[in-house]
Protein chains: 2
Amino acid sequence: MDKPRIGDGPVTLAHVAERAGVSQMTASRALNGRSGVSAKTRREVVRIATQLGYRVNVAARKLSNGRSRIIAVLAPDLTNQFIGQVLIGAGEAARKVDYEMLVYTLFDESRRSHDEVLRLLQQFADGLIAILPRGANDYLQALYAANMPIVMLDHRGEFAALPTIASNHYEGATVAMRHLIELGHARIGFLTGPDEPGAAADRLLAYQHVLAQHGIRVDPQLISQGDFTQRGGFEAARRLLALKRPPSAIFAVNDMAAFGALDAIKDAGLSVPHDISLIGFDDIPMAAQSHPPLTTVRQPLVWMGRSAVNTLLAQINGIDVASPRVVLPTELVVRGTTATMRVRERVS
Amino acid sequence: MDKPRIGDGPVTLAHVAERAGVSQMTASRALNGRSGVSAKTRREVVRIATQLGYRVNVAARKLSNGRSRIIAVLAPDLTNQFIGQVLIGAGEAARKVDYEMLVYTLFDESRRSHDEVLRLLQQFADGLIAILPRGANDYLQALYAANMPIVMLDHRGEFAALPTIASNHYEGATVAMRHLIELGHARIGFLTGPDEPGAAADRLLAYQHVLAQHGIRVDPQLISQGDFTQRGGFEAARRLLALKRPPSAIFAVNDMAAFGALDAIKDAGLSVPHDISLIGFDDIPMAAQSHPPLTTVRQPLVWMGRSAVNTLLAQINGIDVASPRVVLPTELVVRGTTATMRVRERVS
DNA sequence: TTGAAAGCGCTAACAG
DNA sequence: CTGTTAGCGCTTTCAA
């Protein structure tokens, strides 16, 4: 009967306090689990608050306290599964400890200065997880200067002091390459991204190193440039297939490029993995859905999201983050696009 | 020289007012473009605010005013491009009129009641765009009761009074079917989603109607059930291909299912569009990236996002929304997966 | 253990 | 046109 009716406006702490016959402060303390309240009073306050359906007003608390129990995520793009997975991990981790997560997306079109955005986020969130688009170095300066807890995702280079959650690209790519080599492949193509330093460069490096370690010459012709997109992977793979001596296996810098390669290979009338083995990187959800399902290197995306939140919460709570750079392990996921190299039977 | 140094804490209205030698109210009025300030004073205040790098504190304004100039989006899932596109449109539209957009994601795992979520959103946002997962009817009740401006995305059924932005599924599917029929196809398969009322059902209905209109019997065998996923589309298409008389064209309930079908068709050794035509629905970005690129029915996703924001802003500003349901047109996008039916030459 | 006062940053309402 | 007062809902600080 005492349910707050819509239209009465939200129930405030004052309502609860009055109803419980105590001061606002006592009610506040009781509800926040602070000490200095008798067990009996606390029980009563909590009971009434529950009954009334009371919820703290985060705007008010933020204003008074500086704390909202909200963490913000700055994301460049919401149309890719990579980021989606990270957000799942981050969201779950946040909500588990009674924080909320809100996502702010960057768009080229919206003319917002870094400053404006960060100030806004700072005004309602207690901390920020930043996933920057490649080449958004202009943001780094602002983030570095921002006076709030921040964790970056897979960042390196300038401002390396910014706490970062990354995964081990080099190691992952190494394991992928060894897998191909164990399957008997020696002529292995690599589909790159744009020629920039970063995660993709690590993967390329591992490709080259593993080949070298196995006494296989790195043939520049086998390195074909794409751009992380399916279309880019398609074109890059097609160039590889057009070679006089095409590769018997292709390692794509990421899953989307691998899907493009899959298209290109099928289009050339070849079969995966019978004629050509293919391996991706990331293990986005779609990787398990293609036909055949994609062998790939799993980045622990959900875990990375969780880890980012936990690192951020540590910062928020004033705990010194031991390492400014957490590197999580990758894992080879063997599915249907890699197989033992078959002996060429066809007469070329 | 007068740049606010980080660490001094953010510049507040009081700072600006003091510096300009006016009261806070005058400063507030000047900065908010309210009347009652001389042009000269206003200029001066604005100048100083700019120089100091002043930004309103949204938490404070929300508390005082009830308005934050933030709109919230409730999204079930961030790993699909469909929602990503809607968010692009919404974000752009919001930022164009100096609003900000924040996204809150639902996760099954996080035990948050509808009430909790809506209350939170209400506390910092001026309005809400709700994209509900299928079957989240429990949320509807809460949304309906919530005392805040709300716009739904492609909702119908109960609580039809909730303002909704939708697109014309029936019409889109009709155009798609006519396209196939004009290409000479008569035996056309349909890949459904789960058997529920809603957008997918409209598309199926159009499929059936167009066939009937052209005097083609609707063969139940040609309707194969999937689940909106690539894997589901794959399996559903495979069943169609295994028929004694397989279809010469397939219409998939959405693009993801179409991609699965594409895999299945290729896997069966058939070629698209040479042997089988294929058409999807949605026109997510990936549709243009597959090989061949997917012919599909475009939902104006970005436009829907924009439209949702504009409808919401109207509500926020107290303008009565004329129609509680805006239905946007769809458009056939002919790409590479549909072609004239070839005369069967193979002897079965 | 409890409460009263003051203030976070802003704006509505009323006064000059 | 400009300023003063009060208050949004909460928590800190200080006093009882």
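Keep in mind that this is a model prediction, so the values were computed, not measured. Throughout, a chain's letter reflects where its sequence line sits, starting with A, and its residues are numbered from 1.
- Rounded to whole Å, atom C1' of D:dT2 lies 13 Å from atom CZ of B:Arg42.
- The terminal axes of the helix from C:dT1-D:dA16 to C:dG16-D:dC1, fitted over 5 pairs per end, subtend an angle of 40° to the nearest 10°.
- No engagement by B:Ser35 is indicated, since no non-hydrogen atom pair under 4.0 Å with the nucleic acid exists.
- Closest contact between the side chain of B:Ser38 and the listed nucleotides C:dT2, D:dT2, C:dG3 involves D:dT2.
- Per the geometry, CD belonging to B:Glu44 stands 12 Å off P belonging to D:dT2, to the nearest Å.
- The aromatic rings of A:Phe124 and B:Phe124 sit parallel to each other, their planes meeting at less than 30°, with 60° as the upper class boundary.
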Decide side-chain hydrogen bond (donor to acceptor under 3.5 Å, both in side chains) for A:Gln81 and B:Thr79; before the verdict, give the C-alpha distance in whole Å, the side-chain angles of both, and the deciding distance to 0.1 Å. CA-CA 5 Å; A:Gln81 294 194 323; B:Thr79 60; 4.8 Å; no

Distance-only donor-acceptor pairs under 3.5 Å for side chains of residues 306-313 of chain A, two or more places apart:
from: A:Asn310; atom 1: ND2; to: A:Arg306; atom 2: O; distance (Å): 3.3
from: A:Thr311; atom 1: OG1; to: A:Ser307; atom 2: O; distance (Å): 2.8

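- In terms of heavy atoms, A:Arg95 sits closest to A:Glu100 at NE-OE1, 3.5 Å.
- For the pair B:Leu31 CG and D:dT2 P, the interatomic distance rounds to 13 Å; values are reported in whole Å.
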Letter per nucleotide, 5' to 3', of nucleotides 5-16 of chain D [B base touched, S only sugar-phosphate touched, - untouched; heavy atoms, 4.0 Å]: --BBBBBB----

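- For A:Arg119 and A:Tyr104, the positive end is not near the middle of the six-membered ring at less than 6.0 Å and at most 45° from its axis.
- Between the CD1 atom in A:Ile150 and the CD1 atom in A:Ile71 there is a gap of 12.5 Å [rounded to 0.5 Å].
- At C:dT1, none of the side-chain N or O atoms of A:Thr26 fall inside 4.0 Å of OP1 or OP2 (strictly under the cut-off).
- Counting only N and O atoms by type, the side chains of A:Asp115 and A:Ser113 include no donor and acceptor under 3.5 Å apart.
- A 6.0 Å sphere centred on CD of A:Glu18 holds no more than 12 heavy atoms belonging to other residues, nucleotides or ligands.
- Distance A:Glu18 CD to C:dG3 C1': 16 Å, rounded to the nearest Å.
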